2 protein chains.
Amino acid sequence: MLLEQGLITCSIGTIYYLRDAAIIFERGCEVIVRKGVTAKDVAKLAGVSQSTVSRVFFEGAMVSERTKKKVLAAAEELGYGPNEFARSLITNRTKIIGLVMKGVKNPFYPHVLKEFATAFKRLGYSILFVHTNNDEIQKDDIMTLLNYKVAGVIITDATLSLKVTEDFKANKIPLVFFNRKAGMKDFFSVCTNNYEASRHIAEFLIQKGCEDMVYISGNHDTSTSREREMGFVEVLKKHHVHYKKYTSDYTFAGGYTTGQQMVTENKVPSGIFVANDIMALGVLGALRENGISIPETTKVIGFDNIDMSAWPTNSLTTWEQPIVEMVEQTVRYMMAEIKEYSGVSGNIEVQGRLVERKTT
Amino acid sequence: MLLEQGLITCSIGTIYYLRDAAIIFERGCEVIVRKGVTAKDVAKLAGVSQSTVSRVFFEGAMVSERTKKKVLAAAEELGYGPNEFARSLITNRTKIIGLVMKGVKNPFYPHVLKEFATAFKRLGYSILFVHTNNDEIQKDDIMTLLNYKVAGVIITDATLSLKVTEDFKANKIPLVFFNRKAGMKDFFSVCTNNYEASRHIAEFLIQKGCEDMVYISGNHDTSTSREREMGFVEVLKKHHVHYKKYTSDYTFAGGYTTGQQMVTENKVPSGIFVANDIMALGVLGALRENGISIPETTKVIGFDNIDMSAWPTNSLTTWEQPIVEMVEQTVRYMMAEIKEYSGVSGNIEVQGRLVERKTT
DNA sequence: AAAATTAATGAATACGTATTCAAAATAAAA
DNA sequence: TTTTATTTTGAATACGTATTCATTAATTTT
């Protein structure tokens, strides 16, 4: 049947093998259809009521040790687990956190994803992953989250339209922007202190003897890029250091292109601050390819401290964003808001630190 | 209140600012508590029954165009969306796909994640993301998926114990191993044709003049690594080419260490096949650092064709795993099984292709 | 031992939807 | 128009759990 549907052909049209298909298919039909085990079934087997079974699986409910043991044994035997939907229908809350992410291709974010997944799992929460292609999250993505009655939402990489944010407020669903500030002031965000960090960076490069500088921005409309630029430029101005800004897009390719451009224009400066690491690696690639010696001629510093930056081949000086700490803060706020919604807005700024390597 | 809980301090103990906290907090309290809008509310506003509202939101149900319009308008006004839990409780199926992933730090997988997210969103499915640290997925992760009554499960990076697999069969939940074959033969998997690919690779290196070879494996217990080794070694044996095997772990660090080890042991061969790209980049780093010229002295080839391999600085020759096609196949199988469960087992093998760059 | 208190349990109900079945409205045929 | 067929709707019910309230069992106090 699968063969009839052409399922086993791959897109170039060749038919590949389907091991033991027929046999297994027959076996597939033989499988005994065990219906979904419910609390009722467990109750019957354990000789108690459904309520009692429910209580056994509900943290902190009142059950005697003896019946608890009995029920758990029955549950184990039947392979029972509480239906999360029925559960959520009653409690009107879920153990799901919506996580919205855009730039999965920047290694920074998979790392963040991993940390969130680990942290929330420990707390008994699951993650509904939403990928968005747009800088501004679309209405239907949000509707999905709303309809699943998620306990909270974390947006790592994008912003929201005002219209949509109201839905969250109205439904009392806590919302955190991670590594991004929302356009409006009315939400909570967790970021590195970009402003302070970029001031440090500027002073560091100046102290290293750089006399003309370049700032390579990420996507222009992001709060991170703007803040990093602001702090950096402020310090440069104070020291009367000449600088130029290139606008890029937070990708390796973007960094590489910008690097090439600087070489072509013959405008390679002595110090470059790149708004994130992955772009910085692109810049490095372009400069090194053109025989520019780093750090002698030009010093390059990135932002994030992704794993790759530490690789001996790259050895990129950068500003570390303490992912674990940022995640910790986010989770903490989230859990507090889930417990008792306040809708408070604000911004937690976490301090990072300079990681000096061979590009400066 | 948040301040009392110490939420606004970051872990180094400093207190950072919470913008407009008090004001917003007060405002937060003012927010009108709109209760979750239900079909009943919409029905009342639209002047129809709850059943009718339900039908409007249920694909293919019988409603007149006129009432549909009326209901949709009312729904829009109230911001209504069907409660997915109540819905799932009735239908006993969800629009959620469980996606289990281990190696998020290997760029190959974020890319896979993105493709899955995109493909399933188009089909109206959401993704429950499960991160696992272990090669073999743990019971409680699986219970989560089971309890959420996911429509299907994709496991990208790990395997399952036999005990657990039975739960899926029993609940008729389709399961696909992506880029990994299950230990037992009873499941469905989608992979690149690793065996054929590695034969090609062996022949390619031989033809390029390599006379002694090294294979650097990933985690030993993975099917991918074993298959890649098998094909590679078979061809080498046929041509009486000397080879040696190093066991590594699919990480950059692992590759780097292995590269260093080869240099130290003075056993750098003329051709190296590394079981994935990220390790290959580690190997490259180590070799280049030790002044070994590539591709003149040694040729290196990876597997995956992750974005980074194409970066000019790396320019790694590799075997491309056609992610989009693999995802497509997986989704196709999944949807067919969701529509009508067969439990058929088998293996779709997708052809990749050699991408020749500067390391060979 | 009796009374009073506390702990443990079960019966009944609500959550928000899909779905069945019967009734009503509409369209088509006579 | 009347009859028949068809489309559209509403009332009632089920899904699997948490929870309330009343009841029973166990424990403590008198």
Side-chain angles (χ1 to χ4, degrees), chain A residues 34-72 74-75 78-96 124 143-144 146-151 171, chain B residues 34-72 74-75 78-96 124 143-144 146-151 171:
Chain A
R34 214 200 297 175
K35 253 218 71 182
V37 184
T38 76
K40 220 172 178 177
D41 304 326
V42 177
K44 188 180 271 178
L45 180 62
V48 296
S49 72
Q50 178 267 322
S51 321
T52 303
V53 175
S54 171
R55 276 188 271 260
V56 169
F57 285 89
F58 189 81
E59 201 73 26
M62 187 157 292
V63 221
S64 73
E65 209 48 50
R66 207 164 54 87
T67 52
K68 187 171 185 174
K69 208 171 285 175
K70 222 169 30 176
V71 168
L72 283 178
L78 298 177
Y80 168 80
N83 181 325
E84 291 292 342
F85 296 126
R87 186 171 256 190
S88 299
L89 190 55
I90 285 283
T91 59
N92 202 30
R93 63 211 148 94
T94 65
K95 292 262 195 174
I96 301 180
M143 279 311 275
T144 305
L146 249 34
N147 295 344
Y148 274 114
K149 303 265 177 254
V150 292
N171 288 283
Chain B
R34 215 201 297 175
K35 254 217 74 183
V37 183
T38 75
K40 222 172 177 177
D41 304 325
V42 177
K44 188 181 273 178
L45 181 61
V48 297
S49 72
Q50 178 268 322
S51 320
T52 303
V53 174
S54 171
R55 275 188 272 258
V56 169
F57 285 88
F58 189 79
E59 200 74 26
M62 188 157 294
V63 222
S64 73
E65 209 48 48
R66 207 164 54 88
T67 52
K68 188 171 185 175
K69 209 171 285 176
K70 223 168 30 174
V71 169
L72 285 178
L78 298 177
Y80 167 81
N83 181 324
E84 291 291 342
F85 295 127
R87 185 171 254 190
S88 298
L89 189 55
I90 285 284
T91 59
N92 202 29
R93 65 212 146 93
T94 65
K95 291 262 196 174
I96 301 180
M143 279 311 274
T144 305
L146 249 36
N147 296 345
Y148 274 114
K149 303 269 179 249
V150 292
N171 288 284

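The shown structure was predicted, so the numbers you read here are calculated from the model rather than taken from an experiment. In the text below, chain A, chain B and the rest are named by the order of the sequence lines, each starting its count at 1.
- In this structure, the separation between CZ on B/Arg87 and CG on B/Asn92 is 14.5 Å, given to the nearest 0.5 Å.
- Taking 4.0 angstrom as the limit, B/Thr52 places a side-chain polar atom (N or O) nearer than this to OP1 or OP2 of D/dG10.
- The nearest whole Å value for the distance from the CD atom in B/Gln50 to the P atom in C/dT20 is 14 Å.
- The distance between atom CZ of A/Arg55 and atom P of C/dA7, rounded to the nearest whole Å, is 14 Å.
- Between A/Thr52 atom OG1 and A/Lys70 atom NZ the span is 9.0 Å, to the nearest 0.5 Å.
- Side chains of B/Ser51 and B/Ser54: a donor-acceptor N/O pair is absent below 3.5 angstrom, by distance only.
- Between the side chains of B/Thr67 and B/Ser64, a donor-acceptor pair is found at a separation under 3.5 Å.
- The OG1 atom of A/Thr38 sits 9.5 Å away from the NZ atom of A/Lys44 when rounded to the nearest 0.5 Å.
- For A/Gly47 and B/Phe85, each mapped to the nucleotide of DNA chain C holding its nearest heavy atom, the one lying further toward the 5' end belongs to A/Gly47.
- Between D/dG10 and B/Ser49, a contact under 4.0 Å exists linking OP1 or OP2 to a side-chain N or O.
- The interatomic distance linking A/Glu59 (CD) with D/dA18 (C1') rounds to 15 Å, in whole Å.
- As rounded to whole Å, 5 Å separates atom C1' of D/dC15 from atom CD1 of B/Ile90.
- With hydrogens and angles ignored, no donor-acceptor pair closer than 3.5 Å exists between the side chain of A/Glu65 and the base of C/dA8.
- Close to D/dT9, at under 4.0 Å from its OP1 or OP2, lies a side-chain N or O of B/Ser64.
- The shortest distance between the side-chain N/O atoms of A/Thr67 and the OP1/OP2 oxygens of C/dA8 is not below 4.0 Å.
- Between A/Arg87 atom CZ and D/dT17 atom P there is a gap of 9 Å when expressed in whole angstrom units.
- A sub-4.0 Å separation between OP1 or OP2 of D/dA18 and a side-chain N or O of A/Ser54 is present.
- A/Val63 comes within 4.0 angstrom of sugar-phosphate atoms only, judged by non-hydrogen atoms across all strands, and of no base.
- For B/Ala39 and A/Val48, each mapped to the nucleotide of DNA chain C holding its nearest heavy atom, the one lying further toward the 5' end belongs to A/Val48.
- Remark: C1' of C/dT26 and CE of B/Met62 are 13 Å apart, rounded to the nearest angstrom.
- Taking the nucleotide of DNA chain D with the nearest heavy atom to each of B/Ser51 and B/Leu89, the more 5' of the two is matched to B/Ser51.
- Here B/Val53 lies out of heavy-atom contact (under 4.0 Å) with every strand.
- Atom pair B/Asn92:CG and C/dG16:C1' shows a separation of 16 Å (rounding to whole Å applied).
- Between A/Glu84 atom CD and D/dA18 atom C1' the separation is 13 Å, expressed in whole Å.
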